[in-house]
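Encoded as structure tokens, the structure appears first; notes follow it.
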Amino acid sequence: MDYPASIAPVSPQLRGEPGRGLDVVPVVELSLVVPVLNERDTVGLFLDCIGGIFDKDPSVQLEIVFVNDGSTDGTLEFLCNRQRIDERVKVVDLSRNFGKEAALTAGLDIARGRVIVPIDADLQDPPELILEMIGLWRQGYDVVQARRIDRRADSLPKRLSSSWFYRLHNWIAEPKLPENVGDFRLIDRAVVEALKTLPESRRFMKGLFAWVGFRTAVVDYVRPPRAAGSSKFNGWRLWNFALEGLTSFSTAPLRVWTYLGGLVAGLSFLHGLFILIRVFVYGVDTPGFASLFVAMTFLGGLQLIGIGVLGEYLGRAYLETKRRPIYIVRRVYEHKN
Ligand code: UDP
Ligand code: MG
């Protein structure tokens with residue numbers, strides 16, 4: 001296939017620094033960005049797993065950026081102990097819990113690698129996949145998404161609500177989100193720089209990743225259950241997360257009221273006309289209390305929903321206009337050269 005010169009896939013030899021000594025594979029600087037909230041039970045397993053994969057791989061120069069998102073279970077102390085003996089580990093301690101999206105943003109701002117992989121600490125994002133992703137990056141892709149092909153590890157309500165969310169989102173919002181793709185993906189430095197130019201402070205990362213685009217490849221994997229600990233996303237948090245996604249990337253819920261209002265007004269005009277004609281033909285009658293009550297409460301409900309939707313957007317616009325920072329760093333723990 002012919003590509004214009006600007007988007008031609010880069011040949012494998014060109015991506016990464018030239019190999020050292022007799023290495024044939026060029027060296028790539030990889031940053032893992034790991035947001036952690038109360039992951040005391042999983043971070044050790046995570047680091048062991050990462051060590052098993054990358055310790056003996058000379059083609060990868062690794063940096064692991066943990067973002068401590070307000071943990072209260074000793075996660076920070078554990079990570080700091082590891083950071084003291086392992087210079088690949090950096091720990092960014094946020095001043096409180098800012099949420100996973102803000103924590104990821106902090107990690108992306110601090111990571112230095114040529115390729116960056118946001119990854120969960122609970123081993124639900126299998127680190128083995130990263131080598132395959134790097135292979136595709138070397139072929140010239142800027143983004144390599146990891147797609148879950150089997151979500152049996154997630155509960156049925158979670159799977160169902162997620163599938164409804166994607167259907168609704170992709171119906172009303174632009175750009176479309178690829179289904180079953182989370183934050184776990186490989187992104188090139190160029191993509192990170194593009195993400196940094198997006199000024200919004202409320203960051204729905206999946207949407208922002210999709211918005212910036214770039215040449216994208218996909219690898220499939222089966223999502224395992226959590227290695228230890230428990231999920232930080234309950235039903236209410238997921239619901240708010242879904243609202244965030246929809247309101248960040250679509251104005252359809254705002255605009256639908258114009259059409260709904262027009263439709264209801266049109267129908268009520270026709271109904272009025274019908275009553276008028278009936279009075280002229282059959283004379284005056286006064287039944288209709290039940291239909292009046294139903295119409296009133298139904299329309300009252302619709303109006304409240306409309307005001308609620310306005311509130312969702314207005315509230316977000318209000319928070320956005322404050323231009324508050326996305327996160328506050330308490331301290332960065334890193335090895336000084
Ligand atoms: N996380 C975070 N801040 C939060 C919630 C979660 O940094 O406010 C981290 C969490 O520690 C984990 C990742 O985000 O590393 C994914 O969270 P979890 O595994 O609970 O989500 P699930 O896989 O259940 O969707
Ligand atoms: Mg998880």
Side-chain angles (χ1 to χ4, degrees), residues 31-50 64-79 82 89-111 116-127 129-130 146-148 150-166 177 179-185 201-206 209 221-245 326-330 332:
S31 297
L32 303 182
V33 171
V34 198
V36 285
L37 166 62
N38 296 339
E39 300 285 1
R40 175 71 182 76
D41 297 335
T42 57
V43 279
L45 299 171
F46 175 81
L47 280 168
D48 293 347
C49 183
I50 294 294
I64 312 173
V65 181
F66 286 100
V67 184
N68 178 38
D69 190 17
S71 301
T72 51
D73 67 343
T75 304
L76 178 67
E77 292 68 24
F78 180 90
L79 288 175
R82 292 298 285 255
V89 174
K90 275 187 192 173
V91 185
V92 182
D93 186 27
L94 300 186
S95 61
R96 62 171 171 83
N97 175 256
F98 282 87
K100 186 184 175 191
E101 312 298 297
L104 270 182
T105 306
L108 293 179
D109 286 346
I110 281 170
I116 292 100
V117 176
I119 182 169
D120 290 354
D122 59 6
L123 294 176
Q124 286 201 284
D125 301 335
L129 223 57
I130 297 173
R147 180 171 57 196
R148 309 157 196 175
D150 182 348
R151 296 188 56 165
R152 258 175 290 175
D154 289 333
S155 67
L156 185 68
K158 190 160 182 175
R159 272 181 287 160
L160 276 182
S161 54
S162 139
S163 129
W164 291 332
F165 166 75
Y166 280 110
L177 294 181
E179 200 163 336
N180 289 326
V181 174
D183 296 322
F184 181 39
R185 61 186 73 205
S201 53
R202 299 177 66 93
R203 302 180 84 77
F204 181 66
M205 290 309 289
K206 272 193 268 221
F209 283 138
Y221 75 103
V222 176
R223 190 155 174 85
R226 239 180 186 275
S230 58
S231 172
K232 309 297 177 299
F233 288 91
N234 57 24
W236 180 243
R237 226 173 150 172
L238 280 175
W239 163 253
N240 282 314
F241 187 53
L243 277 189
E244 191 69 53
I326 302 167
Y327 57 85
I328 303 278
V329 175
R330 191 185 71 83
V332 179

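Both backbone and side-chain heavy atoms feed into the values below; hydrogens, waters and symmetry mates do not. Every value quoted in this text rests on a predicted model; they were computed, and no experiment measured them. One-based numbering, in listed order, for ligands and for the atoms of each.
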Give the residue, atom name and distance (to 0.1 Å) of the protein heavy atom nearest [atom].
atom: atom 14 (O) of ligand 1; value: K100 CD, 3.4 Å
atom: atom 18 (P) of ligand 1; value: R226 NH2, 3.5 Å
atom: atom 16 (C) of ligand 1; value: D120 OD2, 3.3 Å
atom: atom 24 (O) of ligand 1; value: S231 OG, 2.6 Å
atom: atom 20 (O) of ligand 1; value: K232 N, 2.6 Å
atom: atom 8 (O) of ligand 1; value: R237 NH2, 2.6 Å
atom: atom 15 (O) of ligand 1; value: P35 O, 2.8 Å
atom: atom 17 (O) of ligand 1; value: F233 CE1, 3.7 Å

May I ask you to identify, for [X], whether its side chain, its backbone, both or neither come under 4.0 Å of ligand 1 on a heavy-atom basis?
X: E101; answer: neither
X: L37; answer: both
X: V34; answer: neither

Can you list the atoms of ligand 1 that are under 4.0 Å from a heavy atom of [X]?
X: E39; value: 10 (C), 11 (O), 12 (C), 15 (O)
X: D122; value: 19 (O), 23 (O)
X: D69; value: 2 (C), 3 (N), 4 (C), 7 (O), 8 (O)
X: G99; value: 3 (N), 8 (O)
X: K158; value: 22 (P), 24 (O), 25 (O)
X: R223; value: 23 (O)
X: A121; value: 15 (O)

Going by heavy atoms in the side chains, are [X] and [Y] under 4.5 Å from each other?
X: I64; Y: K90; value: no
X: V91; Y: V65; value: no
X: V43; Y: L79; value: yes
X: R330; Y: L76; value: yes
X: L94; Y: I328; value: no

Short N-O contact, E39 and R226, less than 4.0 angstrom: yes
- request: Take L47 and F66 through the test side-chain contact (heavy atoms from CB on, under 4.5 Å) and record every step on the way to the result.
  value: CA-CA 11 Å; L47 280 168; F66 286 100; 3.9 Å; yes
message: Looking at R147, I want to see if its CZ is surrounded by more than 12 non-hydrogen atoms of other residues, nucleotides or ligands under 6.0 Å.
response: no
query: Measuring from F46:CZ to D122:CG, what's the distance to the nearest 0.5 Å?
result: 9.5 Å
message: Quick one, D93 with V332, criterion side-chain contact (heavy atoms from CB on, under 4.5 Å). Give me CA distance, side-chain angles, the key distance, then yes/no.
response: CA-CA 6 Å; D93 186 27; V332 179; over 6 Å; no
message: Would D73 and R40 count as a salt bridge (charged side-chain N to carboxylate O under 4.0 Å, His left out) here? Give the steps.
response: CA-CA 6 Å; D73 67 343; R40 175 71 182 76; over 6 Å; no
query: What are the protein N/O/S atoms, named by residue and atom, that sit under 2.8 Å from the Mg ion (ligand 2)?
result: D122 OD2, Q124 OE1
query: Do A103 and ligand 1 have an N or O pair less than 3.5 Å apart?
result: no
query: Hey, what's the ring geometry for F233 with F241, parallel, tilted or perpendicular (30° and 60° as the breaks)?
result: tilted
query: D120 and V34: which non-hydrogen atoms are nearest, and at how many Å?
result: C-CG1, 4.1 Å
- prompt: Taking the six-membered ring of F98, is the NZ or CZ of R96 close enough (under 6.0 Å from the centre) and on axis enough (within 45°)?
  reply: yes
message: Could you walk me through whether K232 and V36 satisfy the side-chain contact (heavy atoms from CB on, under 4.5 Å) test, starting with their C-alpha distance in whole Å, then the side-chain angles of each, then the deciding distance to 0.1 Å, before giving a yes or no?
response: CA-CA 10 Å; K232 309 297 177 299; V36 285; over 6 Å; no
